[in-house]
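The block underneath contains the structure these notes are about, expressed in structure tokens.
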There are 2 protein chains.
Amino acid sequence: MPRTPPGQTRDRIYRFVRDRLLGGDAPSLREIRDHFGFRAVETVRAHLAVLVAEGRLDRQPGKARGYRLPAGAVPRQGLAPIVGTVAAGGFEEAIGNPEGEIPIGIPPSRSASDYFALRVRGESMTGAGIFPGDTVVIDRRARPRSGQIVVALVEGEVLETEATVKRLVLTADAVELHPENPAYPVLRPAADSCRILGPVVELRRRFR
Amino acid sequence: MPRTPPGQTRDRIYRFVRDRLLGGDAPSLREIRDHFGFRAVETVRAHLAVLVAEGRLDRQPGKARGYRLPAGAVPRQGLAPIVGTVAAGGFEEAIGNPEGEIPIGIPPSRSASDYFALRVRGESMTGAGIFPGDTVVIDRRARPRSGQIVVALVEGEVLETEATVKRLVLTADAVELHPENPAYPVLRPAADSCRILGPVVELRRRFR
DNA sequence: GACCATACCAGACATATGTCTGGTAATCAA
DNA sequence: TTGATTACCAGACATATGTCTGGTATGGTC
């Protein structure tokens, strides 16, 4: 390879690597070498080392195909399972047999499996702008706090335990689930008949 | 590892691999083995071989970290630009200088560039459950129809042309933009001072 | 029981891939 | 000129990683 002006080849290498990574296919050093017609792997490695030093790439030393785009360079995406009806006790099974999946953005340090989605039934939260047919995204790992809108499993008279969306209110000695619609009652479930699945972090509504 | 029912472990492996691939980080066989507590790499390889045979994964033989999601196996994802304030006539510039990006699902035969997102200002659509701070996703290529919620650019008294969300009503000889809040007036813009950017296809609301 | 399929294990092996050491040549500044 | 910096080369080396051969155990079917 003839010598090129400083930085020029490196920019081309960066774009090549970035495009491969965006396509979900990390290149090896030798693949990059071949693409640019270099004869030495070390040439590539030197360029990549500069890109890492500049903060344009991240590297996982020793790992095969270990170069990555730095966190924050591009929003991370993932798929969250859409849970349908939740039968008694079968929340984990419901997660395992999703009705579908919706794409979500994933914060750094979190994983796609931290989240699931639920289709809203009933009109108990219309006051908060949450309508039947909407989809809510729940963070399973976040601790639900008083005042937040949460998804909870409450044992009712029926055997079916249905997941519901309500506003959580924690008092000194009890858990309350407040609807946002005067036509619905506040739920005050016993501690052992109620399980908070997590706070709602996002609402989605599709228009046809 | 104790023996598990047929297919169950394999499904878990599939989801693990898929989530890693969606995160742009292909796992090695040994990473999968360690994650599930297996003691033999071959256990993983056998499961992956079945997944490939079922068409749930693709494989590039011999390549390190060579397992991939088959094209079309997963809903296509993309990033839509979030448009901030739209100054007069500057819609295309606003698209070019987005405030951020949000992940969206892309139907087959469509492209990510067909969509953009807009942050909602004002309370004119609270009756439809659309509040200030919400984000709406707009399909630029779809023809807006009467009755749909759309985003429109309307020239007002101010020089700033602001994009607004309204319900579109097409009468025999005029365009009307209806708010969904009695406190706001119906807009009847002249044809040349109004531009419909497209119908709202999705609503997003984030909870902190 | 004989047979088959499935889940899992053990360890050797080959190769894909990152790492390192040392070298040549061009360019630029002091 | 000298020295520093940069682009690139050559090849050995270590390790990360896929591949293979063979084995154990469980559950089902004929």
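In this text, all values refer to a predicted model and were calculated from it rather than measured experimentally.
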Polar-atom pairs under 3.5 Å, protein N or O versus N or O of nucleotides 13-15 of chain C: list them with distances, or write none.
none

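In this structure, B:Leu29 atom CG and C:dA10 atom P are separated by 17 Å, rounded to whole Å. Between the CZ atom of B:Arg33 and the C1' atom of C:dA7 there is a distance of 17 Å, given to the nearest Å. If you measure from atom CD of A:Glu31 to atom C1' of C:dA16, you get 10 Å, rounded to the nearest angstrom. Distance OH (B:Tyr67) to P (D:dA16): 20 Å, rounded to an integer number of Å. If you measure from atom CZ of A:Arg65 to atom P of C:dT19, you get 14 Å, rounded to the nearest angstrom. As rounded to whole Å, 13 Å separates atom P of C:dA25 from atom CZ of A:Arg39. Rounded to whole angstrom, the span from the CZ atom of A:Phe36 across to the C1' atom of D:dC8 amounts to 14 Å. Per the geometry, CD belonging to B:Gln60 stands 12 Å off P belonging to D:dG18, to the nearest Å.
Along DNA chain C, the nucleotide nearest to B:Lys63 and the one nearest to B:Ala40 differ in position, and the one closer to the 5' end is contacted by B:Ala40.
Remark: B:Thr43 is not in phosphate contact with C:dA7, judged by side-chain N or O atoms under 4.0 Å from OP1 or OP2. Phosphate contact (OP1/OP2 of D:dA7, side-chain N/O of A:Thr9, threshold under 4.0 Å): absent.
Remark: side-chain polar atoms of A:Thr126 are not paired, donor with acceptor, to backbone N or O of A:Gly129 under 3.5 angstrom.
Listed candidates were C:dT17, C:dC9, C:dA7. Nearest to the side chain of B:Arg10 is C:dA7.
A salt bridge does not link A:Glu176 with A:Arg167: none of the charged nitrogens is closer than 4.0 Å to a carboxylate oxygen.
Nearest approach of B:Ala128 to B:Ile149, heavy atoms of both residues: CB-CD1, 4.3 Å.
A search for salt bridge (Lys or Arg N to Asp or Glu O under 4.0 Å) contacts involving A:Asp134 returns A:Arg205, not counting sequence neighbours. Residues satisfying the ring-ring contact (aromatic ring centres under 6.0 Å, His included) test with A:Phe16, not counting sequence neighbours, are A:His35, A:Phe36. Judged as a side-chain hydrogen bond (donor to acceptor under 3.5 Å, both in side chains), and not counting sequence neighbours, A:Thr43 has no contacts. A:Arg141 pairs by the side-chain hydrogen bond (donor to acceptor under 3.5 Å, both in side chains) definition with A:Asp114, not counting sequence neighbours. Listed by chain and residue number, nothing satisfies the side-chain hydrogen bond (donor to acceptor under 3.5 Å, both in side chains) test with A:Arg33 (two or more places apart in sequence, or in another chain). In this structure A:Thr164 satisfies the side-chain hydrogen bond (donor to acceptor under 3.5 Å, both in side chains) test with no other residue, sequence neighbours excluded.
Using a 4.0 Å heavy-atom criterion, one finds that A:Ser28 contacts the sugar-phosphate atoms exclusively. Within the nucleic acid shown, B:Arg59 comes within 4.0 Å of sugar-phosphate atoms alone, with no base atom in reach, counting heavy atoms only.
A donor-acceptor contact under 3.5 Å links the side chain of B:Glu42 to the base of D:dC20.
Contact check of residues 44-54 of chain A against DNA chain C (heavy atom, cut-off under 4.0 Å) returns A:Arg45.
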Considering only distance and modelled atom types, tabulate donor-acceptor pairs under 3.5 Å from the side chains of residues 46-59 of chain A, sequence neighbours left out.
{"residue": "A:His47", "atom": "ND1", "partner": "A:Arg10", "partner atom": "NH1", "Å": "3.0"}
{"residue": "A:Glu54", "atom": "OE1", "partner": "A:Arg56", "partner atom": "NE", "Å": "3.2"}
{"residue": "A:Arg56", "atom": "NH2", "partner": "A:Asp11", "partner atom": "OD1", "Å": "2.6"}

